[in-house]
Amino acid sequence: MDDQNRSVRGFMGDAEFVRKTLIVLGIGVLALLLWKLSDVLLLAFGSVLVALLLHAASDALVHYLKVPERWSLTVAALVIFAVFLAIIALFGTQVRSQFSNVVEQLPLAIDNFAKQLGLGAVSDDLSEIMSNAPVGGMAARLAGIGGAILNGLADFALVVLAGLYIAAAPRLYKQGFVKLFPMRHHARVESSLEASGQALKLWLTAQLIAMSCVAILSTIAFWLIGLPSAIALGLIAGLADFIPFLGPILGALPAVLIAFGVSGETALWTVLAVIAIQQVEGNIIFPLVARSVISIPPALALFAILIGSALFGAFGLIFGFPLAVVAYVLVKKLYVRETLGEHTEVPGESGSDPKKEASP
């Protein structure tokens, strides 16, 4: 009888070991699959941002223009599309020519900047390297650049289209995600998604307003300074401002380099203009439009952007900060409040009592 009990316990122990081994293997396979699909998941996150932008626009139409709620999303999408087409129609040709002008002037500007540093003509070295390169290698590089541009356009179209689908039926996708978790966690997961979505919507709205202000102020400043292609340089500065901390530096580089090609005085005025615009944005514009937006400690946000860039490349650099917003909300809500039981305000929540949601 004792032998039989020992054999039963041994079999159950082996079965438990096999079960745990399979769980560990499954987690490992799932982690590997998620890593392989990281680019697709980041594109999906971009689609969520597009959907949140559309809903923010529709909420504004309902609140300020009294558009019926059932038509607000459609009207918002049409208005954004119409504005986009109007910008292309009014400024498309001019901006395209100015962008071409920027591309043509950048090598000369880099040369002038390098000569001032005593490095000589950098473009001559690049031309020599390119001329000595095999023709097949040149063709492959050009094909690679063209392919990257096409892939970028295709990804952008995919993100916008998927964002439209998500915005049209957000509850369908939210409920589908919630049902991936055990039923006892459904309420917690759903409230976490709502808080994260609201925090992202607030941040995205404030960021787009700040980007528009930076683009307008930069265009005016560059035009007053006398830089060529002021509109294109202003748009570059505004678009790059989507990436906090690093974006303003990257967006200002083309203007500063071209300014060095004009004169040292022009370069000095350009640098001062860029610094002044960033001070106005950081201390006046963004605080006014982002009073209720999530406030992440600057060092933490900077490292989040750098980590996203190191792990996921360009997508990680672009989406590093909004991903940090989501992570910040989830950590404060699910860990600090509900696991540790600490009282803390969770950005993006509305009409909730933190004490009621804290774990007993």
Side-chain angles (χ1 to χ4, degrees), residues 34-61 71-100 102-103 141-174 176-177 197 200-201 203-205 207-209 211-212 215 231-232 234-243 247 250-251 308-309 311-323 325-326:
L34 293 176
W35 176 258
K36 291 292 185 181
L37 296 176
S38 59
D39 288 347
V40 178
L41 295 177
L42 287 174
L43 290 177
F45 183 72
S47 301
V48 172
L49 291 179
V50 171
L52 290 173
L53 174 62
L54 289 171
H55 273 282
S58 68
D59 291 343
L61 290 175
W71 297 107
S72 60
L73 186 62
T74 302
V75 173
L78 291 176
V79 167
I80 293 175
F81 185 66
V83 170
F84 184 71
L85 288 181
I87 292 175
I88 293 177
L90 293 174
F91 303 106
T93 303
Q94 184 179 5
V95 170
R96 185 170 61 250
S97 63
Q98 291 195 10
F99 267 105
S100 300
V102 170
V103 173
R141 290 188 185 93
L142 292 175
I145 294 173
I149 293 174
L150 290 176
N151 286 335
L153 293 175
D155 290 340
F156 178 76
L158 176 64
V159 166
V160 172
L161 183 61
L164 289 171
Y165 282 125
I166 295 174
R171 188 165 184 81
L172 173 66
Y173 297 97
K174 184 173 70 174
F177 181 81
L200 278 175
K201 185 187 295 185
W203 170 80
L204 185 61
T205 303
Q207 189 66 38
L208 289 175
I209 295 174
M211 288 169 59
S212 301
I231 296 178
L235 283 176
I236 292 173
L239 291 173
D241 200 64
F242 183 80
I243 305 171
L250 298 175
S309 176
L311 291 177
F312 308 115
F315 284 149
L317 183 64
I318 295 172
F319 297 128
F321 191 84
L323 285 172
V325 170
V326 175

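This is a predicted model, so every value here is computed, not measured.
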Nearest atoms (heavy-atom pairs only) where Thr205 meets Ala56: OG1-CB, 3.6 Å
Nearest heavy-atom neighbours spanning Leu61 and Ser72: CD1-O, 3.8 Å
Full working for side chain to side chain contact (heavy atoms under 4.5 Å, CB included) between Leu49 and Val159: CA-CA 9 Å; Leu49 291 179; Val159 166; over 6 Å; no
Closest non-hydrogen atom pair, Ala57 against Ile80: CB-CD1, 4.2 Å
Leu208 vs Met211, side chain to side chain contact (heavy atoms under 4.5 Å, CB included): CA-CA, chis, key distance, verdict: CA-CA 5 Å; Leu208 289 175; Met211 288 169 59; 4.1 Å; yes
Contacts of Asp59 that satisfy side chain to side chain donor-acceptor pair (under 3.5 Å) - sequence neighbours left out: Lys201
Test item: Gln207 side-chain N/O and Asp241 main-chain N/O as donor-acceptor pair under 3.5 Å: yes
Minimum heavy-atom distance between Leu311 and Trp35, given as atom pair plus value: O-CH2, 3.8 Å
Geometric class of the Trp203/Phe321 ring pair [parallel <30°, tilted 30-60°, perpendicular >60°]: tilted
Check: Phe81 and Val160 side chains under 4.5 Å, non-hydrogen atoms: no
Where Ile318 and Phe242 come nearest, the two heavy atoms and their spacing: O-CE2, 3.4 Å
Sub-4.5 Å side-chain heavy-atom contact between Ile166 and Leu54: no
Inter-residue atom distance Ile209.CD1 - Leu204.CG, 0.5 Å rounding: 10.0 Å
Point-to-point distance, once rounded to the nearest 0.5 Å, from CD1 of Ile243 to CZ of Phe319: 10.0 Å
Minimum heavy-atom distance Ala76-Ser58, with the two atoms named: CB-N, 3.7 Å
Side chain to side chain contact (heavy atoms under 4.5 Å, CB included) between Tyr165 and Tyr173, intermediate numbers included: CA-CA 10 Å; Tyr165 282 125; Tyr173 297 97; 3.9 Å; yes
Test side chain to side chain contact (heavy atoms under 4.5 Å, CB included) applied to Leu164 and Val50, step by step: CA-CA 7 Å; Leu164 289 171; Val50 171; 5.7 Å; no
